[in-house]
> 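One structure, as structure tokens, below. Some questions next.
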Amino acid sequence: MPVSTFMGLQTTLRGLLAHQQALTTTSHNVANANTVGYSRQTVDLTATSPLVIPANSVITGAGAQLGTGVDVTAVRRIRDTFLDLQYRAQIMKLGDAAARANSLEQAELAFAEPSSDGISSQLAEFWDAWSALARAPEDDAARQSLVTKATTLAATFKAVYDQLTVVAAQAQQEYDAITGPNGQIDLWSREIAQLNETISHAVAVGQTPSDLMDRRDLLIDRLAELGQVSVTDTGNSNLRIEFGGVTLVDPLRGAIWPQTLTRPGGKLGALQELASPTGPALTFRARLDDVVADLVARVNALHAAPAGVDFFDPAGTTADTLAVVAIPATVQAGSTADPGRNDIALAIAQLRGGSTERLYDALVAEVGGEVQSIRRTEVNVQALVDAIEDRRQSVQGVSIDEEMANLVRFQRGYEASARAMTTIDDLLDTLINRTGRVGL
């Protein structure tokens, strides 16, 4: 079977085109070395189908196969789906821990312990004021100072109560912002639905839109931090996204939002719990109310014993309603009309270190313990996320050194193909233009 003289040109042309695509892909990798979510791409080079020569040997009559060059069969992105699953599982836990840590740290700051502005210091000054009154029961200045200290203590309880309320409210506001119109879930789900449609059309005609797939995977990673994500490929790389127990993106229906999440998990699950009445901030607030109720009951029981005059408003048994109803003239230092009597002031001063402070100290210790625990959890989960991300980057990340070596390798291949094409071109030039001329 005759072989065309121009076959060598076609073979070298395939080499030029294949190495040109390899150089372009490598350049694309280098350009995106620092792009978040990018997966490095590689070119699959495969020898083209050979030309079969039926009878190459005149002696044996055996045929032969003549190579026809190289072709690019695919441009693949390098990615490990198992590592993606591991990463999303851990980033969901990190989102939960980070949200809880942030909220609990704000609650801890609300108590401001230990400090001169905290409730412990204000309680100590309150007891000191009663001790001062016991030493000088006839001193109007001591009575005025006591009322002032008690009013300051009530204001401090109210301030802590309000800050704990704000912590829970902020968690709800953040949840509403993420899940509301034009929030992160709304925007990301719509973008994923659009990417789904574009990618499936490309895959259906035999293309591999690697960059679009990277963008979609990055959005799924971000969703995983907010809540539990499950991904199902329905064909042509069209993904169904389950999020928080509901279908968020469907290949046929597109983005489905807003919805009520049944199992949010991740950051949204933490925010939902933090904003609930059983969340830590409002639980701490209820515990603070117990401290106030104990303080009011014990102080009023001693102060009102002789004359029925309450020091604190008996109806103000919560941190936001605690109020001083006594004025300097009605402050009871003693149980009789004797101006030098100080038994009530002494008895109230001896409440220092009692049940009120034990309740408060236990509350502060619980807050501190919760904060330390969630911080440790956050650190541990962050370490797992970092380890998995390092493994992911070792697979899909761009190594500049490796890409530089590839650039040199493909450049040499391109140059060699070009040199082969030049040689064959010179051969054909001689064959066509000079064969048969006199003098050759």
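Computed from a predicted structure; not experimentally measured. Only this structure's heavy atoms are used, side chains among them; waters, hydrogens and symmetry mates stay out.
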> Quick one: which residue pairs count as a side-chain hydrogen bond (donor to acceptor under 3.5 Å, both in side chains) with a foot in residues 258-271, not counting sequence neighbours?
E174-K267
> If you count the non-hydrogen atoms of other residues, nucleotides and ligands that lie under 6.0 Å from CZ in R409, is the total more than 12?
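Atom CZ in R409 is crowded, with more than 12 foreign heavy atoms closer than 6.0 Å.
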> Under the rule for ring-ring contact (aromatic ring centres under 6.0 Å, His included), what residues qualify as partners of Y87, not counting sequence neighbours?
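Residues passing ring-ring contact (aromatic ring centres under 6.0 Å, His included) with Y87: none at all.
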> Are any of the side-chain heavy atoms of L239 and I220 separated by less than 4.5 Å?
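Yes; the side chains approach each other to less than 4.5 Å.
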> Report the residues that fulfil salt bridge (charged side-chain N to carboxylate O under 4.0 Å, His left out) with D214, sequence neighbours left out, ordered by chain and then residue number.
R77, R79
> Give me each pair satisfying salt bridge (Lys or Arg N to Asp or Glu O under 4.0 Å) with a member in residues 102-124, each pair once, sequence neighbours excluded.
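Applying salt bridge (Lys or Arg N to Asp or Glu O under 4.0 Å) to every pair that reaches into residues 102-124, excluding sequence neighbours, yields E105-R375, E108-R375.
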> Quick one: list whatever passes salt bridge (charged side-chain N to carboxylate O under 4.0 Å, His left out) with R215, sequence neighbours left out.
E191
> Report the residues that fulfil salt bridge (charged side-chain N to carboxylate O under 4.0 Å, His left out) with R298, sequence neighbours left out, ordered by chain and then residue number.
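Counting only residues at least two positions away or on another chain, R298 forms a salt bridge (charged side-chain N to carboxylate O under 4.0 Å, His left out) with D294.
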> Do K158 and D162 sit within salt-bridge range, that is, some charged N less than 4.0 Å from a carboxylate O?
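Yes, K158 and D162 are salt-bridged.
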> Residues in side-chain contact (heavy atoms from CB on, under 4.5 Å) with A420, at least two apart?
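side-chain contact (heavy atoms from CB on, under 4.5 Å) list for A420, sorted by chain: T12.
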> With sequence neighbours left out, which residue pairs that include part of residues 205-262 fulfil the ring-ring contact (aromatic ring centres under 6.0 Å, His included) condition?
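Matches after skipping sequence neighbours: none remain.
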> Under 4.5 Å between any side-chain heavy atoms of L322 and Y161, yes or no?
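No. Closest side-chain heavy atoms not under 4.5 Å.
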> Using ring-ring contact (aromatic ring centres under 6.0 Å, His included) as the criterion, list what pairs up with F284, not counting sequence neighbours.
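ring-ring contact (aromatic ring centres under 6.0 Å, His included) check on F284 returns nothing, list empty.
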> Strictly below 4.0 Å, N to O, side chains only: are R14 and D71 in salt-bridge contact?
no
> By the side-chain hydrogen bond (donor to acceptor under 3.5 Å, both in side chains) test, which pairs, at least two apart or in different chains, include something from residues 90-102?
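Found D96-R100, R100-E273.
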> With S399, which residues qualify under side-chain contact (heavy atoms from CB on, under 4.5 Å), at least two apart?
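Per chain and number, S399 pairs via side-chain contact (heavy atoms from CB on, under 4.5 Å) with D401, E402.
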> When rounded to the nearest 0.5 angstrom, what distance separates CG in L45 from CD in Q21?
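Taking CG in L45 and CD in Q21, the distance rounds to 8.5 Å.
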> Scan side-chain atoms only and decide if Q382 and E378 contain a donor-acceptor pair under the 3.5 Å cut-off.
no
> Strictly by side-chain hydrogen bond (donor to acceptor under 3.5 Å, both in side chains), give each pair with a member in residues 223-236 just once, sequence neighbours left out.
none
